[in-house]
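Computed from heavy atoms alone, side chains included, the values below leave out hydrogens, waters and symmetry copies. Residue numbers run from 1 in the order of the sequence given.
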Amino acid sequence: MKTDSKNMQTLCGMDCCVRCSRREECGGCQNVNGHPFGGNCIAAECTKRDGTDGFLRFKERLIEEINALGIKGLQVNELNLLNGFFVNLEYPLENGEKVKLLKDNNVYLGNQIETGDRERCYGVVADERHILVCEYGCNGADPEIILYKKRR
């Protein structure tokens, strides 16, 4: 286990507790046994079950799986731990309703990928069960679901 500068211990050895703006609310991964804010952390779950190397292998397989989706302009090289409350956007449905697909209190693996030729980005968020690929403008404006699927 790794201890960060605020004496919070992580289960996975990553520095997510140090960088979290809500770390005082949570108390650190070790203190909540990998269930920040009452939710689930993908890194803690994988590390508890398969060790740090198992988590790193899971992350690499997930990157390969996302890149194999064949979405034009989407190339993922790294996945970061992201708090659900930062990435859980509301997506408009055709019937006018809006829906959130993630849980605010979970920690996911994900990244933002610049599209280069447009002022929109891809957002990729995943856990052991699902992959979400969306597209959005500056600060998450006008989000659109590109793909939401159950993982194999």
S.K.: Asp50 versus Phe58: any side-chain heavy-atom pair under 4.5 Å?
M.R.: no
S.K.: Would Val99 and Glu90 satisfy side chain to side chain contact (heavy atoms under 4.5 Å, CB included), going step by step from the backbone distance to the final call?
M.R.: CA-CA 5 Å; Val99 64; Glu90 276 192 337; over 6 Å; no
S.K.: Do Lys72 and Leu74 have side chains that get closer than 4.5 Å, going by heavy atoms?
M.R.: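 The answer is no, as the side chains (C-beta and beyond) never meet within the 4.5 Å cut-off.
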S.K.: Measuring only between side-chain heavy atoms, which start at C-beta, is Leu81 closer than 4.5 Å to Tyr108?
M.R.: no
S.K.: After noting the C-alpha distance and the side-chain angles of Tyr122 and Cys134, does the key distance pass the side chain to side chain contact (heavy atoms under 4.5 Å, CB included) rule?
M.R.: CA-CA 6 Å; Tyr122 284 122; Cys134 65; over 6 Å; no
S.K.: Can you tell if the side chain of Leu102 reaches within under 4.5 Å of the side chain of Asp127, non-hydrogen atoms only?
M.R.: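 No; the side chains remain at least 4.5 Å from each other.
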S.K.: Could you tell me the separation between the CZ atom of Arg61 and the CD1 atom of Ile66, rounded to the nearest 0.5 Å?
M.R.: 12.5 Å
S.K.: For a 4.5 angstrom cut-off between non-hydrogen side-chain atoms, does Lys100 reach Asp104?
M.R.: yes
S.K.: Looking only at heavy atoms, what is the nearest atom pair of Asn67 and Val76, with distance?
M.R.: OD1-N, 2.7 Å
S.K.: Take Lys98 and Tyr91 through the side chain to side chain contact (heavy atoms under 4.5 Å, CB included) test and state the conclusion after the steps.
M.R.: CA-CA 5 Å; Lys98 291 186 177 188; Tyr91 299 96; over 6 Å; no
S.K.: Hey, what do you get for NZ (Lys103) to CG (Asn88), rounding to the nearest 0.5 Å?
M.R.: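 Lys103 NZ to Asn88 CG: 11.0 Å, rounded to 0.5 Å.
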S.K.: Return the OG1 to CG distance between Thr47 and Leu56, rounded to the nearest 0.5 Å.
M.R.: 7.5 Å
S.K.: Would you indicate whether the side-chain heavy atoms of Asn111 and Glu78 approach each other to under 4.5 Å?
M.R.: yes
S.K.: If you take all heavy atoms of Pro92 and Pro143, which pair is closest and at what distance?
M.R.: CD-O, 3.4 Å
S.K.: Could Arg151 and Glu128 be called an ion pair, given the rule that one side-chain N must be under 4.0 Å from one carboxylate O?
M.R.: no
S.K.: Would Tyr136 and Gln112 count as a side chain to side chain donor-acceptor pair (under 3.5 Å) here? Give the steps.
M.R.: CA-CA 10 Å; Tyr136 50 83; Gln112 175 176 289; 2.8 Å; yes
S.K.: Taking the side chain as everything from C-beta on, heavy atoms only, tell me whether Leu132 gets closer than 4.5 Å to Val124.
M.R.: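 Side chain of Leu132 against side chain of Val124, heavy atoms only: no contact under 4.5 Å found.
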S.K.: Counting only heavy atoms not in Asn95 (residues, nucleotides, ligands), do more than 12 fall under 6.0 Å from its CG?
M.R.: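 Enclosed.
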S.K.: Does Leu82 reach the side chain of Leu109, with side-chain heavy atoms less than 4.5 Å apart?
M.R.: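 Not in contact.
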S.K.: What do the steps show when you test Glu135 against Arg120 for salt bridge (Lys or Arg N to Asp or Glu O under 4.0 Å), and what is the final call?
M.R.: CA-CA 7 Å; Glu135 185 179 287; Arg120 292 180 65 79; 2.9 Å; yes
S.K.: Please assess Asn83 against Phe86 for the test side chain to side chain contact (heavy atoms under 4.5 Å, CB included), listing each intermediate value before the final yes or no.
M.R.: CA-CA 6 Å; Asn83 288 318; Phe86 286 131; 3.7 Å; yes
